[in-house]
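Notes to accompany the following structure.
Quick note on labels: first sequence line is chain A, next is B, and so on, each numbered from 1.
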Amino acid sequence: MSAVPELRITLAGAERVVAEGTTYGEALQADGRSVVAARANGELRDLAAPVAEGDQVEPVAVDSPDGRAIVRHSTAHVMAQAVQELFPEAKLGIGPPVDNGFYYDFDVKNPFTPEDLKRVEKRMREIVKQGQIFSRRPVSDEEAQEELAAEPYKLELIGLKGGAGAQEDGADVEVGGAELTIYDNLDPKTGDLCWKDLCRGPHVPTTRSIPAFKLMRSGGAYWRGSEKNPQLQRIYGTAWESRDKQDEYLHLLEEAEKRDHRRLGAELDLFSFPSELGSGLPVFHPKGGIIRKEMEDYMRRRQGEAGYEFVNTPHITKSQLFETSGHLPWYAEDMFPPFELEGVEYRVKPMNCPMHNLIFRARGRSYRELPLRLCEFGSVYRYEKSGVVHGLTRVRGMTQDDSHIYCTREQMVGEIKSLLTFVLSVLRDFGLSEFYLELSTRDDSDKFIGDPADWDEATEALRQTALESGLELVDDPGGAAFYGPKISVQAKDAIGRTWQLSTIQLDLNQPKRFELEYQAADGSRQTPVMIHRALFGSIERFLGVLTEHYAGAFPPWLAPVQVVGIPIAEAHAPYLQDLAKKARERGIRIEVDASDDRMQKKIRNAQKSKVPFMLLAGDEDIANGAVSFRFRNGEQKNGVPVDEAINEIADAIERRIQV
RNA sequence: GCCGACGUAGCUCAAUCGGCAGAGCAACAGUCUUGUAAACUGUAGGUCAGGGGUUCGAUUCCCCUCGUCGGCUCCA
């Protein structure tokens with residue numbers, strides 16, 4: 001009898017010798033709970049897989065990003081099993097882990113109802129409790145095709161294996177590697193096969209290794225992400241390494257719901273969406289109007305300081321202008337339909353750039369004028385498809401703080417660089433502090449116009465600047481505007497969500513199409529480079545984002561009402577009216593609540609409307625020429641002399657601080 | 001645009017298995033007024049999203065339109 005051969009491996013940096021046939025789980029002494037998989041030579045593996053000579057082995061902790069993804073992926077399998085048990089006719093699509101959870105797509109005759117989800121979740125809990133074993137089994141293409149003959153979508157994936165594009169739509173989760181594998185779910189007592197799925201893995205060892213999960217919602221989803229394909233029914237769920245983490249996540253969702261700008265917009269009387277106007281067409285009420293005005297005033301000042309020139313252009317134009325710009329051939333389905341006047345076709349504008357081009361072209365331009373920075377709060381209208389309209393973040397009528405900068409090719413890089421600095425400084429003043437950049441480029445699709453060489457040059461200029469900024473840069477291939485590549489600034493809000501705000505787009509096409517020219521120092525005529533720049537994205541969207549970022553509790557400089565004066569009793573109102581008069585002279589937006597509510601009710605009302613400062617006055621304060629603060633967090637500061645109080649408020653407004 | 005859910009007073013929600021539509025808050029009126037999140041009493045408020053159909057009778061059942069919400073696709 002020969003001795004069992006031995007293998008040398010490296011475990012978490014230390015050399016070890018183990019018997020052949022040892023699994024990663026054994027080598028790592030993994031419990032399948034805190035450690036759910038292994039990483040061998042960089043590859044994720046099942047704990048049940050055998051080690052190989054020379055392996056570098058690391059544990060994959062359940063609370064690591066990979067660990068969570070594995071738990072989520074395994075939970076998706078459990079869900080699919082439950083669905084097929086309850087709905088035997090359901091055909092499997094794909095079921096990958098995603099941020100915070102997972103989904104699985106099914107082709108079913110009838111979409112899932114909330115009751116269906118409850119049943120599925122109940123069955124899932126039974127499966128988890130049963131502790132079914134995830135067992136990996138390599139198969140040939142032919143074997144897989146035979147075993148999965150009843151799963152048309154899986155068959156399609158087998159055909160795609162390794163093909164380009166498989167990675168983009170999540171299909172690689174099913175058929176990622178060189179060889180196909182099927183995961184069998186086995187009854188832990190009898191070893192009987194309960195269910196199986198084509199899958200790359202790895203998985204947690206048993207369904208008991210899934211610590212916490214919950215089904216969230218269902219909805220339609222196109223097969224492989226294309227609207228040309230049939231629509232499947234997707235169920236989303238969340239799964240976590242512990243019940244606590246899951247509760248934390250669910251709590252975050254609740255928090256996000258409370259911050260929803262659509263809810264706060266109504267509660268704080270900022271804006272509304274009258275259905276009489278049509279979908280995606282907001283109106284701003286006086287309080288929302290104040291915030292907009294503050295935003296716009298601020299932008300006017302900053303742009304004035306930064307060498308921008310203010311222009312104005314109309315909302316409609318002859319359609320011909322958009323032929324020239326290239327919008328109609330490439331962008332028409334996003335535009336409102338034309339209407340005819342005096343035998344000529346007109347359009348509502350979806351973008352301001354063509355009109356700014358006409359201003360540039362209105363007379364001969366000299367290189368001495370460049371960079372020429374035209375800016376406008378330009379209202380544009382886009383025919384957004386009915387299913388995508390969403391609060392202020394996706395509307396059909398919006399105002400962009402739009403600017404078009406015309407410069408020489410030599411100035412291009414410097415101009416983009418200073419633009420990026422400008423953009424970030426503005427966003428910081430609005431209280432946003434965490435950013436990353438996204439570089440949207442063209443791919444080989446035919447929705448882009450112009451010479452690829454021009455695109456390359458423009459893309460490189462943007463990339464160079466983005467890299468120099470030191471901010472994280474994420475690639476977004478195929479995400480460019482039809483006329484040029486763009487950098488977008490993504491900002492993180494107070495609860496960690498990111499929003500696309502500013503965009504900086506380079507355009508080497510429109511200047512040619514509009515035959516824009518300037519005269520260079522040597523007397524020659526040159527085509528300028530054009531940079532599109534919307535800093536807020538749109539004023540509407542930015543206001544929506546700020547509303548969610550601040551949860552409606554705007555910093556004093558933006559708050560519609562900055563101060564509410566609250567008399568302790570009716571007799572104290574005139575004193576506060578005097579104070580209010582003084583404060584208004586300092587530009588402070590103050591109201592005195594002289595209603596016949598009781599003082600406590602007035603505080604409650606002011607608190608609910610998220611006013612930054614409450615100033616209370618009763619006999620005691622009046623005797624001392626003072627006033628008492630109540631802040632939004634409930635703290636108070638009593639007996640502050642009136643002038644001092646006004647100074648404190650004026651100072652907070654001026655410095656744009658949050659209180 | 002596609003899949004699904006939903007639409008009752010300004011807001012949040014009841015009720016009617018087809019038979020005169022109800023509450024709290026908000027609004028309005030009156031009474032009351034002392035220290036940091038809800039005083040009391042009363043009044044008014046609805047073509048039950050809009051249109052069509054079935055029915056003796058529709059807010060309730062069916063169809064269409066509009067709008068909202070959750071997804072997909074798309075996007076500032």
Side-chain angles (χ1 to χ4, degrees), chain A residues 103 105 108 110-114 116 216-236 260 262-263 266-267 269 272-281 331 333-334 350-351 380 382-396 398-402 440 447 479 481 486 488-489 499-503 505 532-542 544-545 566-573 595-608 614-622 628-632 634-639:
Chain A
Y103 66 80
D105 290 341
V108 281
N110 299 311
F112 299 107
T113 64
D116 292 338
M216 304 301 283
R217 58 173 59 94
S218 63
Y222 297 112
W223 168 239
R224 302 192 59 228
S226 168
E227 57 191 328
K228 295 187 185 91
N229 288 339
Q231 198 157 44
L232 308 181
Q233 291 301 316
R234 176 172 296 178
I235 303 179
Y236 282 96
D260 191 318
R262 293 166 300 185
R263 170 208 284 252
E267 281 175 7
D269 197 14
S272 59
F273 300 87
S275 58
E276 290 84 345
L277 296 185
S279 184
L281 298 168
Y331 195 75
E333 66 181 35
D334 297 298
M351 293 187 188
V380 298
R382 299 180 183 175
Y383 176 48
E384 298 291 349
K385 289 188 282 183
S386 60
V388 307
V389 170
H390 182 94
L392 288 180
T393 57
R394 197 74 183 273
V395 294
R396 285 180 171 165
M398 64 173 145
T399 306
Q400 296 181 306
D401 65 321
D402 207 1
S440 301
K447 72 170 184 176
K486 69 178 181 197
S488 55
V489 178
W499 305 83
Q500 177 175 327
L501 298 174
S502 321
T503 59
Q505 310 182 347
H532 304 241
R533 183 236 67 181
L535 212 158
F536 290 148
S538 77
I539 297 178
E540 288 78 5
R541 169 179 289 181
F542 196 62
V545 171
I566 299 178
I568 298 299
E570 208 173 348
H572 308 119
S595 70
D596 59 2
D597 284 330
R598 290 170 76 213
M599 179 263 298
Q600 285 85 347
K601 181 63 177 292
K602 292 177 183 180
I603 288 169
R604 178 179 154 86
N605 287 342
Q607 194 84 43
K608 285 209 314 181
M614 286 174 230
L615 291 182
L616 283 75
D619 287 339
E620 220 174 287
D621 291 297
I622 293 176
S628 294
F629 275 94
R630 180 187 163 102
F631 301 97
R632 276 192 293 225
E635 281 175 22
Q636 40 180 303
K637 187 157 82 179
N638 300 329

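With hydrogens and angles left out, the side chain of A:Y222 and the base of B:G1 share a donor-acceptor pair within 3.5 Å. You won't find any donor-acceptor pair under 3.5 Å spanning the side chain of A:E384 and the base of B:C75, going by distance alone. For A:R598 against B:A39, a side-chain-to-base donor-acceptor contact under 3.5 Å is absent. With hydrogens and angles left out, the side chain of A:R632 and the base of B:A37 share no donor-acceptor pair within 3.5 Å. Not a single donor-acceptor pair, N or O on each side, falls under 3.5 Å between the base of B:G35 and the side chain of A:N638. Side-chain atoms of A:R394 come within donor-acceptor range of the base of B:C74, with a qualifying N/O pair under 3.5 Å. No N or O donor and acceptor, one from the side chain of A:S218 and one from the base of B:G4, sit under 3.5 Å apart.
Across the interface with RNA chain B, nearest-nucleotide mapping of A:P111 and A:G280 shows A:P111 to be the residue nearer the 5′ end.
Within 4.0 Å (heavy atoms only), A:V380 reaches no atom of the nucleic acid at all. Base contact: A:M398 has a heavy atom under 4.0 Å from a base atom. Within the nucleic acid shown, A:K486 comes within 4.0 Å of sugar-phosphate atoms alone, with no base atom in reach, counting heavy atoms only. Looking at heavy-atom distances under 4.0 Å, A:Q600 makes contact with sugar-phosphate atoms alone, never a base. Note on A:G537: only backbone sugar-phosphate atoms sit closer than 4.0 angstrom, heavy atoms only; bases stay farther off. A:E267 comes within contact range of no nucleotide atom at all, as no heavy-atom separation falls under 4.0 Å. When heavy atoms are screened at a 4.0 angstrom cut-off, A:Q500 is found touching the sugar-phosphate backbone but no base atom. Within 4.0 Å (heavy atoms only), A:F112 reaches no atom of the nucleic acid at all.
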Dot-bracket notation for RNA chain B, counting Watson-Crick and G-U pairs under 3.5 Å, with | for partners on another strand: (((((((..((((.....[..)))).(((((.......))))).....(((((..]....))))))))))))....
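Distances shorter than 4.0 Å separate some side-chain N or O of A:R262 from OP1 or OP2 on B:G70. The phosphate of B:G1 has OP1 or OP2 within less than 4.0 Å of a side-chain N or O from A:S386. For B:C66, the OP1/OP2 oxygens have no side-chain nitrogen or oxygen of A:S279 closer than 4.0 Å. Distances shown here put a side-chain N or O of A:H390 below 4.0 Å from the OP1 or OP2 atom of B:G70.
Judged by distance alone, the side chain of A:K602 and the main-chain N or O of A:S595 form a donor-acceptor pair under 3.5 Å. Under the 3.5 Å distance criterion, the side-chain polar atoms of A:R382 are matched with a main-chain donor or acceptor of A:P350. A donor-acceptor pair under 3.5 Å links the side-chain atoms of A:R396 to the main chain of A:E384, judged by distance alone. Looking only at distances, no side-chain donor or acceptor of A:S218 sits under 3.5 Å from a matching main-chain atom of A:I235.
Counted by atom type alone, A:Q607 and A:R630 present one or more donor-acceptor pairs between their side chains at under 3.5 Å.
With distances taken from any side-chain atom of A:D596 to the nucleotides B:U34, B:U36, B:U31, the minimum falls on B:U31.
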